[in-house]
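What follows is one structure encoded as structure tokens, with my remarks underneath.
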Protein chains: 2
Amino acid sequence: MEEFLTQMRIQVNKRVFLKDPDTSEKGRKIISNSILLIDEIGFENFTFKKLGMKIGSPESTIYRYFENKHKILLYLTIWYWSWLEYRLVFSTININSPEEKLNTAIKLLVEPIKEDSDFSHINEVVLNRIVISESAKSYFTKDVGEDNKDGVFKVYKRLVQRVSDMVLAINPDFEYPNMLISTVVEGAHQQRHFAKYLPSLTNVRKGKKDITNFFIQMVFNTIQKK
Amino acid sequence: MEEFLTQMRIQVNKRVFLKDPDTSEKGRKIISNSILLIDEIGFENFTFKKLGMKIGSPESTIYRYFENKHKILLYLTIWYWSWLEYRLVFSTININSPEEKLNTAIKLLVEPIKEDSDFSHINEVVLNRIVISESAKSYFTKDVGEDNKDGVFKVYKRLVQRVSDMVLAINPDFEYPNMLISTVVEGAHQQRHFAKYLPSLTNVRKGKKDITNFFIQMVFNTIQKK
DNA sequence: CATTTTGCGATAGTGATGCTATTATATTTG
DNA sequence: CAAATATAATAGCATCACTATCGCAAAATG
């Protein structure tokens with residue numbers, strides 16, 4: 001990872017926290033440990049009490065940073081999408097071929113993170129696992145509407161829009177670019193989850209990049225001109 | 001709806017209940033009202049106490065039927081998939097053209113239910129809404145593995161397999177039929193949810209069957225031979 | 001027809017969860 | 001050094017997720 005990236009900071013929408021966890025040691029500990037704890041026990045079983053025990057603080061300290069655990073999940077997913085958007089822009093910027101550009105983007109969206117960038121206190125490999133298995137819970141709630149008003153899905157939408165624009169660059173007549181890309185992003189998460197627990201819903205073979213290949217084939221076949 | 005269908009009963013995997021809710025009036029009330037209550041307040045806020053109040057019974061009565069609320073969600077989704085599988089088999093049985101067959105199947109999988117069949121105490125329109133917004137929670141848990149061992153996803157897998165076979169009937173060389181169909185099923189739910197709350201992730205226009213059209217186009221384009 | 005069985009209601013209780021509040025003690029900053 | 005701020009420690013409360021017990025009435029059984 002480039003040196004200067006280790007200095008970069010990701011700004012997360014202020015409406016998800018009471019006090020920015022990135023401004024204090026405790027706050028960063030809350031974030032890094034909530035990632036580990038959610039990965040370990042799942043979001044349903046994750047509580048402020050358990051997190052407090054992990055970081056050696058009472059629950060009340062965590063309540064000063066976040067209203068509730070749902071906001072922590074939002075914080076983590078926003079951070080993740082911001083980080084991904086950054087990498088997306090960076091890794092596609094100098095590609096001239098529209099097909100090559102889209103191809104690179106899809107890979108970035110669907111392939112799992114395999115190594116920590118050490119670019120912050122956040123472990124991206126574990127965070128990626130959380131996004132795969134928990135992020136759908138951030139929008140399948142009765143509060144989506146309000147969360148959306150607070151702008152928490154802004155980065156995600158922009159990311160989808162960026163890749164949708166790449167689709168349109170190849171075929172300006174394609175009617176459903178956003179639908180296609182959001183299906184790819186969420187579908188890839190689901191397929192990774194299924195591959196692990198319900199493999200008969202997939203066609204994933206060990207050691208092969210079936211999920212990546214499938215989604216790339218799906219995208220390019222779907223958007224082709226008739 | 002055909003007369004004889006009103007007599008049909010859907011058998012749900014015994015491992016999800018302690019006592020079959022379909023064998024008593026109270027049990028059926030528990031099911032029909034849990035559908036209404038989950039739709040109303042969301043699965044997160046759904047509790048046995050609230051359900052008890054709705055049916056005029058203490059919580060303890062509900063605990064005689066179900067171990068916990070997660071099992072009720074499993075019961076509802078299994079019922080839904082069984083019902084859908086039945087309708088799928090029925091509505092595709094006499095179609096000779098493989099393309100027409102697959103086309104009919106996809107429509108059945110992605111289109112929302114618009115009228116109650118009156119075929120039981122279960123309101124399928126509302127149940128369909130629940131499946132759209134809550135069913136992912138039945139497998140995005142730390143217990144998927146065990147639930148899977150109990151066979152609770154069997155019907156769902158069989159349904160996906162049936163449609164995958166239709167794909168293979170059109171193109172036997174297509175490598176990812178199960179992945180494609182499970183992506184369609186789950187993707188359709190997500191797109192309906194997004195259309196309602198995060199429309200910029202979709203390209204849904206009022207009064208148009210964009211979701212159906214998109215998925216049909218996606219499937220047929222993806223599986224075509226080169 | 002007597003008698004088990006069952007289904008349900010009523011009530012109580014336990015420990016965990018999801019918070020809020022208070023006060024005391026550090027730590028930082030001006 | 002004083003003032004402001006952050007955290008720890010503790011308590012408390014309503015709800016939740018469940019378990020246990022008891023008694024009654026209806027239904028099944030012999």
Side-chain angles (χ1 to χ4, degrees), chain A residues 14-34 37-38 40-76 121 134 137-138 141-143 146-147, chain B residues 12 14-34 37-38 40-76 121 134 137-138 141-143 146-147 150:
Chain A
K14 289 182 181 190
R15 312 208 72 148
V16 305
F17 52 73
L18 300 170
K19 175 180 151 78
D20 190 343
D22 207 28
T23 58
S24 75
E25 206 42 59
K26 265 287 162 210
R28 284 185 290 271
K29 253 186 133 177
I30 288 172
I31 294 305
S32 58
N33 281 280
S34 61
L37 190 55
I38 291 172
E40 204 179 305
I41 64 178
F43 187 65
E44 272 68 40
N45 304 316
F46 168 80
T47 67
F48 279 14
K49 189 157 209 166
K50 290 176 191 166
L51 178 57
M53 281 167 58
K54 218 174 164 82
I55 64 166
S57 297
E59 319 162 63
S60 46
T61 297
I62 304 163
Y63 275 107
R64 282 204 196 82
Y65 289 87
F66 291 100
E67 223 182 307
N68 52 50
K69 68 176 185 173
H70 181 240
K71 302 274 175 162
I72 290 196
L73 184 59
L74 289 178
Y75 184 95
L76 297 178
H121 54 293
E134 315 285 359
K137 292 165 192 166
S138 71
T141 70
K142 285 276 166 190
D143 302 329
E146 285 173 44
D147 286 340
Chain B
V12 172
K14 290 181 179 186
R15 311 206 75 146
V16 305
F17 52 72
L18 300 169
K19 176 179 151 74
D20 189 344
D22 206 30
T23 59
S24 75
E25 205 42 59
K26 265 288 160 208
R28 285 185 290 272
K29 254 186 130 175
I30 287 172
I31 294 304
S32 59
N33 282 281
S34 60
L37 189 54
I38 291 171
E40 205 178 304
I41 63 177
F43 187 66
E44 272 68 42
N45 304 315
F46 169 78
T47 68
F48 278 14
K49 189 156 208 168
K50 289 176 190 165
L51 178 57
M53 281 167 59
K54 216 174 165 84
I55 65 167
S57 296
E59 316 164 64
S60 48
T61 296
I62 303 162
Y63 276 105
R64 284 200 192 87
Y65 289 85
F66 292 98
E67 226 181 305
N68 51 51
K69 70 176 185 174
H70 181 240
K71 302 272 176 165
I72 291 195
L73 184 59
L74 289 177
Y75 185 95
L76 297 179
H121 54 294
E134 315 283 0
K137 292 165 192 166
S138 71
T141 70
K142 285 275 165 189
D143 302 329
E146 285 174 42
D147 287 340
D150 285 343

Could I get the full list of side chain to side chain donor-acceptor pair (under 3.5 Å) partners for [X], not counting sequence neighbours?
X         : answer
Thr141(B) : none
Ser57(A)  : Lys26(A)
Glu25(A)  : Arg28(A)
Thr23(B)  : none

- Can you check side chain to side chain contact (heavy atoms under 4.5 Å, CB included) on Leu73(B) and Phe46(B), steps first, answer last? CA-CA 11 Å; Leu73(B) 184 59; Phe46(B) 169 78; over 6 Å; no
Using whole Å, report how far [atom1] of [X] lies from [atom2] of [N].
X        : N       : atom1 : atom2 : result
Leu73(A) : dG18(C) : CG    : P     : 14 Å
Glu44(B) : dT17(C) : CD    : C1'   : 15 Å
Ile62(B) : dA10(C) : CD1   : C1'   : 14 Å
Asn68(A) : dC19(C) : CG    : P     : 5 Å
Phe48(A) : dC19(C) : CZ    : C1'   : 10 Å

Nearest heavy atoms of [X] and [Y], plus distance in Å:
X         : Y         : answer
Ile41(B)  : Asn45(B)  : O-ND2, 2.9 Å
Ser24(A)  : Tyr65(A)  : OG-OH, 2.6 Å
Leu76(B)  : Ile38(B)  : CD1-CD1, 4.0 Å
Ile30(A)  : Ile55(A)  : CG1-CD1, 3.7 Å
Ser138(B) : Asp147(B) : O-OD2, 4.4 Å

- Please work out which residues in residues 49-60 of chain A have a non-hydrogen atom less than 4.0 Å from an atom of DNA chain C and list them by number. Lys50(A), Glu59(A), Ser60(A)
- Query: In the 5'-to-3' direction, what one-character label does each nucleotide of nucleotides 24-30 of chain C receive under the scheme B = base within less than 4.0 Å of a protein heavy atom, S = sugar-phosphate only, - = no such atom?
  - Reply: -------
- Query: Could you give the distance from CD1 (Ile62(B)) to NZ (Lys19(B)), rounded to the nearest 0.5 Å?
  - Reply: 13.5 Å
- Task: Any chance you could measure Asp20(B), atom CG, to Lys14(B), atom NZ, to the nearest 0.5 Å?
- Result: 8.0 Å
- Task: Would you mind classifying the nucleic acid contact of Tyr63(A) as base, sugar-phosphate or nothing, using non-hydrogen atoms under 4.0 angstrom?
- Result: base
- Look at all strands and tell whether Phe66(A) reaches a base, only sugar-phosphate, or nothing, counting heavy atoms closer than 4.0 Å. nothing
- Item | Phe48(B): partners by ring pair (Phe, Tyr, Trp, His ring centres under 6.0 Å), with sequence neighbours left out | Tyr63(B)
Polar atom pairs (N or O), protein with nucleotides 4-6 of chain C, under 3.5 Å:
none

- Task: For Arg64(A) and for Thr47(A), find the nucleotide of DNA chain C with the closest heavy atom, then tell me which residue's nucleotide is more 5'.
- Result: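 By nearest-heavy-atom nucleotide position, the 5'-most residue is Thr47(A).
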- Query: Under 3.5 Å, is there a donor-acceptor pair linking the side chains of Tyr75(B) and Ser34(B)?
  - Reply: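 The answer is no; no qualifying pair exists.
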- Along DNA chain D, first and last positions that approach a heavy atom of chain A under 4.0 Å: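 So the outermost contacting nucleotides come out as dA6(D) to dT10(D).
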- Query: What residue pairs, at least two apart or across chains, pass salt bridge (Lys or Arg N to Asp or Glu O under 4.0 Å) with a residue in residues 41-52 of chain B?
  - Reply: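 For residues 41-52 of chain B: Glu44(B)-Lys137(B).
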- Item | End-to-end axis angle, where each axis spans five pairs of the helix from dC1(C)-dG30(D) to dG30(C)-dC1(D), to 10° |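 End axes: 20° apart.
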- Query: With sequence neighbours excluded, what pairs up with Lys54(B) under the salt bridge (Lys or Arg N to Asp or Glu O under 4.0 Å) test?
  - Reply: Glu40(B)
